[in-house]
Amino acid sequence: MAHYYKKIVCTLTYSVIKNRSETIPRYNFIYLVFTGLTMVWVMLLMAYHRKRGIQSSGIFIIFWMAFLIYGSIKLRTLILIAEDKNGVPDRMMFSSFVIVYFLSIVQMVLSFVPEKKANSYYTHFINQKPSPEESSSFLSLITWWWMNSLMWKGFHSTLTYDDLYDLNMKDRSTYVAPKFQREWNRLVSNAGLNFVNNDIEGSETKGRQPSLVLALSRAYGFDFFVAGIFKLFQDILGFIGPQLLKLMIDYVRDEAEPAWRGYLYAVTIFLLAILRSLLLHQYFNRCYIVGMRIRSGLIQAVYKKALILSNESRQNRATGEIVNLMSVDAQRFQDLMVYLHMIWSGPFQAFLALFFLYLSMGPSIFAGLAVMVILLPVNALVTKYIRRFSVIVMSKKDSRSKMINEILNGIKVIKLYAWEIPFRKLIMGIRDEEIKVLKKASLLNASLSFTWTSATFLVAVATFATYSLINLNSTSIEDRLTPEKAFVALSLFELLSFPISIVPMMILYLIQANVSLKRLSSFLTDEELDLNCVSYTEEPASCGENALSINEGFFSWDAKTPPILLNINLSVETGELVAIVGHVGAGKSSLISALLGQMKKLCGEVSLKGRLSYVPQLAWIQNATIRDNIVFGKKFDDILYNETLQCCALESDLELLAGGDMTEIGEKGINLSGGQKQRVSLARAVYQDSDVYLLDDPLSAVDSHVGKHIFDKVIGPNGMLKGKVRILVTHGIGFLSQCDKIIVMSNGRITEVGSYRQLIEQNGAFAEFLQNYSLPNDVNDNDIEMNENKIVDENKETFKRTKGERKSFIMTEETVETGSVHYAVFLSYAKSCSYFLAFLVGFLYLIVSGGSVGQNLWLAHWSNQEGRDTANNSDLSLNLGVYAGFGFLQTISTVLASFALVFATLKASRTLHNGMLLNILRSPLSFFESTPLGRILNRFSKDIDVVDEAIPIALSEFLFTFSAVVATIIVICYTSPWFILLIVPLSLFYLVVQRFYVKTSRQLKRLESSSRSPIYSHFQESINGASSIRAYSKVDEFQLQSEAHVDHNQTAFYLTSCSNRWLAVRLELVGNLVIFFAALSAALQRNYPEIFGRIDPGLVGLSISYSLMVTQSLNWTVRMMSDLESNIVAVERIKEYTETPNEAPDVIPSCPIPPGWPIQGRVQFSHYSTRYRPGLDLVLKDITCDIPGGQKVGIVGRTGAGKSTLALALFRIIESAQGSISIDGADISTYGLRDLRSNITIIPQDPVLFSGSLRLNLDPFNAKSDEELWRVLETAHLSEFVSGLTEGLYYPVAEGGENLSVGQRQLVCLARALLRKTKILVLDEATAAVDLETDGLIQKTIRSEFANCTILTIAHRINTIMDYDRVMVLDNGRIAEFDSPNMLIAKKESFYELVKNSGIL
């Protein structure tokens, strides 16, 4: 910059010296002062940019370009003055200016070269791949040249995530999400909203609600405002084209004008088109970035809120609904951003168009304006109904997603009970209602599209007719509808038509976003847990001090229900082991929840000192390795880790797993037994080395000898947790004598408190209970010999491989297709639409294109006729009638095409959804074990939403704009035949760039689609484990994991957007060349008619007006085509899930089930062996046994022996590898699965309930009467509870049965079995979650109600099967013993050891 200051100083000194002798104009001094100030500003800005790390500044490039333009004008002026005066009058000034001018050129060239970024910028990111965007020059940024390397790589090979650039730092969730959260929290605070009590505090702010729009605007509004600036200049430049068109038509008509002007006009039109394209795509890029940031911010806000929802809010918000908030509602805000500026840009463009039309056509334009005003109320009414229907559609989507989520979570139970049909009908019923409402909204939107499409045509007809009638008797050529008037007006009408044509889409997006806005606002203002209801200090309590206490505590689950816990007084000192006992529903787990702060504290005080660990009753397991589940984010300590494994009896499991502790666990621990899940959950708590442990019945799911080992090694007085506070909820009585304190609960109250001896001496209810249910002998430590090589879950057999392999994964990677979208996908979608409707839509759009071409060709004929006639004798009626006829043809074809498209696409939506649903429900259980449920849910939420709404919009817009481009090419070739010679190279360039782009863009879209699933899988996992996450104070860590998943997805999305911009800039260059050659051809035909042929002014107007449209039409065609191909990937993904392998047929017509089968209930295994999946080891080996009808058989064995596998085999959840199973002498493999499963009954270990009425959970087929249901409820000991409910049988069960205790859920499962009452009953550890008294009642019920049935019981509690006819002992997948209990005890082998270890002998 020094040379500028030298020049300024020298020139200023020279001027002062010269001013003494001559009069120098003052502007010289003013010019120098302003130049100096400008250079100071440039220097300061350069310093600021360097400080911010900006490597290439567009501001400087634009400044130096403007400076050079100014300098070029001044240099030309100085040269002309020198020529006029035969010499340079002031050599000093001239020389210094020339030097500065050329130095400015150097400065501008240097400004294009980006500076190097510091190497340390990415040093704090490991294995990162920085985007070249951040180090690119200004020219590279505005043309997306920096994408070339990725596009090239994508063209030559299939892209993977490793090939993608990192997301820019300013677009990452860690930067973006806190900005929105800060603004939202500020508005919440200003509104005085208390999320804990969900009310408004303070009279001044009462009634105010925080505005989500305002929070988003404050967080991300600046970049959106900058995008608006780009849009403003782009709009203004659009209206210069018609004025240049007028000059071009005048130039062709007036042969007196110099020839060079035509070429100047052509070049000017071309340069303006280039500039307009660059501005447009900067606008798009900014909008996409803002939309991306909004989506990230909203997803993280929803995630954070979901982890702290109150119990009442959580019951009102199904997981599927919250997933929809993240997958659909947040996405709609992102989609809206591109169109939102049309709120002001549309009216602005319309105003400019009408203004220039008024200048050209005079008052006749008001006739066209009147047409638009008339249409406004109609559209307002239609919009009102569309908004109403959109709200209903989203409500139906939520209901469907909620139900699908529950079905996926309970798929094992659905298959065991053969309930696929009622649940499929339930989903399809909701889907049909959704489609009906969607059809109404789509038809209304199509009619809205019709009114706005016809508006342009009607405005043109009204304007031209009015203008012609007003000037009917005028003899002046200036009052005729000449080509320059007609086609300038036509160009302006086309500019007017764009904001008008986009109004339906904009209104639709605004309505959808408004619905989503209300849904998100409602969710974000839902009631939260009171995180301060527990007085918590991280500093542990000192010796002898209360580490945990509750004083006069009353607690409920929500404000609407009466208190669940009443008058709770509790204090626990440091190091105490406290047991909580009581009947099912007594309030034991509720008390743990109150200590965790998960219940609503009505009054009283709760305090807790020290770090907390929590083991829930239903173990929460992450989809991660065993080690990751145990370590849970804490620093790895090898000594502590190994000790934890040993004490939690997990070492033997790891020794037999192919991957050891690096074995991946499926979602919800699907490949672990209940006992193993509970031990992993306990190991997690132990490894955290906390001060306070809340253990909610962790021993109920493990075998008695394993439970004794865990108590002694972990929980008991000499276990790893000695010296720490341990609150243990338990149904077992064998460990109570070792507890420091026992709390007895009944009906939500603490009825007795004291040590074991004190409670016995009191001779109260607890002492009476012990007398009735205590075991004959205490379990002796010396009797427990842990055979650790046997403690392995039968499901773990799926991982057995050769020794030495250490990698073991169960969850499959999501399939990402490669290459082009196969034609079969398009054919599949067309078939789903119906080939007839697909053909009809295409044919109607051809008519639309033909009507447009015919209409404008006739306008050219009409205007040429008007321009030539000197007398006013042209047939106005004929010209106007033909013009209107073509317009009506185009309009009617458009509305018919829109309606046909609605019916076709909705038919495809229904077909694809139902096909996928049917196939998913028919998939084997192994599919769900190896596929994250979030991935499946993503198909039913986001992908179906794309098929429902995105594909119809993209398809409609593509067909419309494509027909416009084809019409443009036809018209230009007709008016300028020489242009045909340019079609070939331009088309070749277009195709090359298109093919270059498509491979990369398509793969990026696939990666973007596949990376959505982990977001929802992680979210579902977090929701299921929210209580554990809060208890372990891991909310922030899980928030970071969620942000990482979102960023992973946004990386592919952003590069997809950039690839679209890369293509559009290059293809719009083709469009701009079309404009240039159309104008150049007109100039050449005007100047050289003998070579190129003469052209009429009307055809010039037609050719150039169409070419001016081609860039915008081509841009939208490419955009819609890329959107269509990107969105069709959703069809590809849905199609994939309609072709997954299925189970055996539901019904085999050639082999129907005999009436009343099974009659005897005899079960025979003949050399039966099975494996979980092909290629894995056998888990049951050569099982041969005969169980006569009516026998009661207990199935026991150490963990991993194959007990549950035997039950799954009976229901053909897994199929035979060899041998057979027969029931009543019939091979079960010859029957259909539905026939088999509906005629035998199981009470599974996990009590799964579905949201809906209690009646639905008992009888989804609605085949039983209320009297029958009440009878089984009474038999299952639930009638008293249900009769106390206001709704009775129609009591609404929350998602997963969360508003019932685990024991109550298990009793509901018992009632299901009683209702079916088949000849064969399987109990898979069905009483593990209930207390001994309830267990006794259940066993009594089973013996009486199923007295003549065959019963197979898999039991942890050996005492429950001691009176059975026979006991089967399994060991390593084989039958080790099979005889009566007395005979097996007499043998003193495996069963004897189990009985002895249980304390019965």
Side-chain angles (χ1 to χ4, degrees), residues 310-312 314-315 529-530 533-534 548-572 578-606 608 614-618 693-700 726-733 736 739 741-754 759 764-766 769 1027 1031 1247 1277-1278 1280-1282 1284-1285 1291 1293-1294 1297-1308 1328-1335 1337:
S310 69
N311 293 289
E312 182 179 3
R314 183 66 189 89
Q315 287 187 19
L529 290 171
D530 184 2
C533 69
V534 176
L548 184 154
S549 65
I550 302 178
N551 296 318
E552 303 294 333
F554 286 77
F555 303 88
S556 69
W557 286 112
D558 57 67
K560 298 178 182 178
T561 59
I564 302 296
L565 300 177
L566 304 95
N567 197 27
I568 301 297
N569 288 281
L570 172 67
S571 62
V572 181
V578 178
I580 303 176
V581 298
H583 300 299
V584 171
K588 305 182 296 296
S589 295
S590 296
L591 182 58
I592 296 294
S593 296
L595 292 170
L596 290 170
Q598 294 176 14
M599 295 189 71
K600 193 174 188 66
K601 185 177 70 174
L602 302 178
C603 63
E605 295 181 357
V606 183
L608 193 153
Y614 169 55
V615 180
Q617 187 173 8
L618 295 178
Y693 285 81
L694 303 180
L695 311 174
D696 192 357
D697 202 10
L699 305 179
S700 62
R726 291 144 291 161
I727 308 294
L728 173 66
V729 173
T730 183
H731 290 129
I733 60 176
L736 297 181
C739 296
K741 186 184 297 183
I742 299 171
I743 297 173
V744 183
M745 297 197 68
S746 178
N747 297 322
R749 298 177 182 272
I750 296 177
T751 57
E752 295 181 76
V753 180
L759 294 180
F766 177 73
F769 173 78
S1027 57
H1277 312 286
L1278 272 174
E1280 183 179 352
F1281 167 73
V1282 177
L1285 301 172
Y1291 173 70
V1293 177
E1298 290 182 356
N1299 53 344
L1300 298 175
S1301 72
V1302 176
Q1304 288 169 332
R1305 292 179 224 171
Q1306 194 68 71
L1307 292 177
V1308 172
V1330 298
D1331 61 276
L1332 291 174
E1333 184 176 354
T1334 306
D1335 187 7
L1337 292 173

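Note that the structure is a prediction, hence the values are computed from the model and not measured.
The backbone N or O of L1300 lies less than 3.5 Å from a partner atom in the side chain of R1305, making a donor-acceptor pair. Proximity of a side-chain donor or acceptor of S593 to a complementary backbone N or O of Q598 within less than 3.5 Å is not detected.
Taking every heavy atom of both residues into account, F766 and E752 meet most closely at N-OE2, 3.1 Å. D697 and T730 get closest at one heavy-atom pair: OD1-CA, 3.8 Å. The shortest non-hydrogen separation linking I550 to I568 is CG2-O, 3.5 Å. The two residues G597 and C533 come nearest to each other via the heavy atoms CA-SG, 3.6 Å. In terms of heavy atoms, L1307 sits closest to H1277 at CD1-O, 4.2 Å. When all heavy atoms of V581 and K588 are compared, the pair lying nearest together is C-CD, 3.6 Å.
Annotation: side chain of S556 is in contact with side chain of L602 (closest heavy-atom distance under 4.5 Å). At a threshold of 4.5 Å between non-hydrogen side-chain atoms, the residues P698 and L728 count as touching.
Taking CG of L566 as the start and CZ of R749 as the end, the distance is 4.5 Å to the nearest 0.5 Å.
For the side chain to side chain contact (heavy atoms under 4.5 Å, CB included) test with M599, the passing option among I564, D530, L529 is I564; the others fail. Just one of L591, D696, I743 meets the side chain to side chain contact (heavy atoms under 4.5 Å, CB included) condition when paired with V729; it is D696.
With sequence neighbours left out, the salt bridge (Lys or Arg N to Asp or Glu O under 4.0 Å) criterion links E312 to K560. Partners of K741 under the salt bridge (Lys or Arg N to Asp or Glu O under 4.0 Å) rule, at least two apart in sequence or in another chain, are E576.
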